[in-house]
Amino acid sequence: LVLKSLLATRVRSSLHGRSSATLCGHSAALRGQSADSRRAMGNAFAFNSPGGFPTDGTKVSVSVRCSHTGETTCFSGHDGWHVTSEWTIGHLERVLQTLLGVHPASMKLMFAGRICEYGQTIQSILGASSGAIPVRLKFFLLVDRTSFPQQLGPFSTMQVELKGADVVMPPLSDEFRRDGFYWELKHSALERVGLTAAASNIICQVSPAHPLSWGNDGCDRLAIPKGATSFAWCYACSGWDSVDSDAYILDTWMESVDGALGLKSFLSVGGFVYFDDKGRFLGASTVGRPVDGEAGEMHFSEAMHWSSEWTKPLLEQGRFQPVTIKRLRDMGARMYVWLYPGEVIEGEDGNPLPNQPEAPHGAFVYLFHDDILSPDPSEVALDRYFAVIPFDSTKIAPDCTKHEPEQKMQLIKSVPAKNRNRSPFRAFTVVDKHTHSPEDAVAIRPAAQSRSVRFAEQDAKEGRFMVCRTEVPDIRHFGRHRPMPPLRPRKQV
């Protein structure tokens with residue numbers, strides 16, 4: 001009993017010492033990490049600490065001049081906690097995230113000509129003793145407006161090898177046009193381009209359809225099939241991560257690599273689907289990253305605030321879907337939805353809400369929290385949408401820059417990409433539930449390539465193939481990677 005009592009006292013003393021040194025320990029650890037690592041560690045500390053804000057130190061008032069708006073934001077406290085000299089830059093960014101709706105990854109706070117580090121306290125930035133700290137401080141905020149989550153895209157587009165006979169869909173009635181629908185993709189469409197799926201049914205959700213509103217130039221740039229009069233967005237299919245490549249089911253490899261890449265992207269990321277005036281399916285396209293040197297075919301406005309009152313009506317319709325693009329999810333985006341051009345959101349009484357999103361040509365909406373109806377102001381402050389910019393305009397429509405009056409967006413030239421049909425398509429890296437470590441990825445690829453070359457040489461020697469493609473598709477574009485199956489007889493060509 002005496003030993004247990006002494007041990008318990010020792011443990012309590014140790015824990016007390018750790019809690020009193022938590023802030024100093026985190027600050028020291030943050031100084032040795034990259035910017036992203038510091039921000040992730042700082043967020044974990046801020047939200048796991050009681051209250052999330054220090055109470056010790058001298059009380060100060062902070063003003064921040066924002067570079068993206070030119071306005072000044074002043075605050076001396078947040079959520080009942082007064083700003084003190086012991087607050088870190090991470091705490092200030094957390095407050096600015098709520099007040100301005102700017103993601104911390106896009107922020108750079110400047111003071112006295114220096115970039116403020118995430119784990120630095122206000123007192124350490126000033127380099128003054130606690131008794132000589134001024135009661136008012138002024139920071140400058142630089143915002144990265146060129147990358148997500150402040151900017152989306154641009155996207156490149158690619159036609160997907162799908163035909164009307166490849167899908168099973170209901171007749172496109174007025175109800176389905178208004179509410180959207182589900183369709184099923186046949187396995188034969190996957191096998192035609194060398195893909196297989198473990199799921200017995202490949203089912204995709206399609207958003208409400210809308211007449212095309214992108215003009216002739218927009219239709220040409222997006223490779224929209226001729227005769228299309230309406231379109232919709234098709235979300236990633238259920239069980240997309242079970243889709244894998246299998247070159248052995250192909251007669252030739254050369255003609256099907258691009259087709260497999262486009263269809264895999266369509267199933268894992270999503271894409272646009274097009275219909276004629278009778279509601280018949282004509283074709284589909286998927287989106288990816290622009291090729292180096294190309295401007296991309298789909299451009300968006302800067303981020304605009306998404307009101308939380310618009311979320312519930314779309315949630316009731318089952319419109320929100322998980323984000324599958326890895327880069328967007330790494331930045332905190334969790335759910336997204338496609339708004340068709342000019343969509344009007346209605347309330348519970350069936351009447352349009354007083355405020356509406358401004359998306360005359362459609363928009364993508366992104367939520368940055370797992371709880372879709374989260375009441376936390378710091379979480380919903382990051383919710384945003386990106387309106388599609390019209391392709392045939394010589395200037396940006398006023399509604400796309402209404403929230404940025406001083407912004408002068410760059411003119412988008414409607415110049416078709418050179419050799420568009422032959423340009424390589426760069427698919428987005430998707431979230432993979434069976435992700436390999438970097439070391440595994442480095443080891444897998446040379447081994448797969450050596451097997452592919454060895455099989456190709458054997459096939460050529462035995463006369464099975466006159467032309468054989470020896471390249472192995474990037475494992476990032478094909479989700480989980482399974483080992484190369486053993487050699488077996490192939491079809492004679």
Side-chain angles (χ1 to χ4, degrees), residues 155-173 175-177 179-210 212 219 222-288 297 321 324 338 340 420-421 425 427-428 430 469 473 477-479 491:
F155 290 165
S156 63
T157 59
M158 179 183 185
Q159 286 185 340
V160 180
E161 294 188 12
L162 286 178
K163 301 177 293 185
D166 296 329
V167 298
V168 180
M169 58 174 288
L172 198 58
S173 61
E175 290 77 10
F176 285 127
R177 288 181 182 271
D179 301 331
F181 58 92
Y182 287 82
W183 69 0
E184 183 177 352
L185 186 65
K186 297 180 180 179
H187 281 263
S188 58
L190 276 69
E191 295 173 356
R192 187 170 61 244
V193 294
L195 296 177
T196 60
S200 57
N201 296 318
I202 307 171
I203 301 175
C204 305
Q205 181 178 359
V206 181
S207 72
H210 190 273
L212 287 171
C219 292
L222 293 176
I224 297 176
K226 295 181 179 180
T229 58
S230 60
F231 76 106
W233 174 262
C234 181
Y235 295 91
C237 73
S238 59
W240 60 265
D241 53 337
S242 68
V243 178
D244 203 353
S245 59
D246 187 357
Y248 291 144
I249 63 178
L250 296 173
D251 291 334
T252 59
W253 294 355
M254 281 289 283
E255 300 177 358
S256 301
V257 172
D258 291 338
L261 183 61
L263 185 55
K264 174 63 177 179
S265 174
F266 180 80
L267 296 176
S268 59
V269 174
F272 293 102
V273 291
Y274 305 98
F275 311 95
D276 62 11
D277 54 355
K278 295 183 179 180
R280 294 173 297 192
F281 173 70
L282 294 182
S285 64
T286 185
V287 296
E297 292 81 31
Q321 299 284 329
T324 58
W338 163 256
Y340 60 80
R420 185 179 185 285
N421 294 331
F425 177 75
F428 286 114
V430 295
R469 187 181 183 93
H477 302 320
F478 285 85
K491 297 179 181 180

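Just so you know, these numbers come straight off a predicted model, no measurement behind them.
With sequence neighbours excluded, no residue satisfies ring-ring contact (aromatic ring centres under 6.0 Å, His included) with Phe181. Applying the side-chain hydrogen bond (donor to acceptor under 3.5 Å, both in side chains) criterion to Gln321, with sequence neighbours excluded, gives Gln205. Among residues two or more places apart in sequence or in another chain, the ring-ring contact (aromatic ring centres under 6.0 Å, His included) test is passed with Tyr340 by His210. For Ser173, the side-chain contact (heavy atoms from CB on, under 4.5 Å) partners two or more places apart in sequence, or in a different chain, are Glu175, Phe176. Judged as a side-chain hydrogen bond (donor to acceptor under 3.5 Å, both in side chains), and not counting sequence neighbours, Thr324 has no contacts. With sequence neighbours excluded, the residues forming a side-chain contact (heavy atoms from CB on, under 4.5 Å) with Leu282 are Pro225, Ala228, Asp276, listed by chain and number. Partners of Ala232 according to the side-chain contact (heavy atoms from CB on, under 4.5 Å) rule, which considers only residues two or more places apart in sequence or in another chain, are Val206, Ser207, Ala209, Val273, Phe275. For the side-chain hydrogen bond (donor to acceptor under 3.5 Å, both in side chains) test, residues two or more places apart in sequence or in another chain that qualify with Tyr274 are Ser285.
Between Asp277 atom CG and Leu172 atom CG the span is 11.0 Å, to the nearest 0.5 Å. Note that the OH atom of Tyr235 and the CZ atom of Phe266 stand 12.5 Å from one another [nearest 0.5 Å]. To the nearest 0.5 Å, the span separating SG on Cys204 from CE on Met169 amounts to 12.5 Å. Distance check, rounded to the nearest 0.5 Å: CD of Gln159 to CD1 of Ile224 gives 10.0 Å.
The heavy-atom pair separating Thr157 from Glu297 by the smallest distance is N-OE1, 2.9 Å. The shortest non-hydrogen separation linking Leu190 to Thr196 is CD2-C, 4.1 Å. When all heavy atoms of Val160 and Thr286 are compared, the pair lying nearest together is CG2-N, 3.7 Å. Here the closest non-hydrogen pair linking Asp166 and Arg192 is OD2-NH2, 2.8 Å. The minimum heavy-atom distance linking Ala197 with Ile202 is given by the pair CB-CD1, 3.9 Å.
Using modelled atom types, no side-chain atom of Lys163 and backbone atom of Phe281 make a donor-acceptor pair closer than 3.5 Å. No donor-acceptor pair under 3.5 Å is formed between the side chain of Arg177 and the backbone N or O of Ser230.
Within the 4.5 Å cutoff, side-chain heavy atoms of Val430 are placed close to those of Trp240. In this structure the side chain of Cys234 reaches within 4.5 angstrom of the side chain of Trp183, judged on heavy atoms.
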Before giving the answer on side-chain contact (heavy atoms from CB on, under 4.5 Å), spell out for Leu263 and Glu161 the whole-Å C-alpha distance, their side-chain angles and the decisive distance to 0.1 Å. CA-CA 7 Å; Leu263 185 55; Glu161 294 188 12; over 6 Å; no
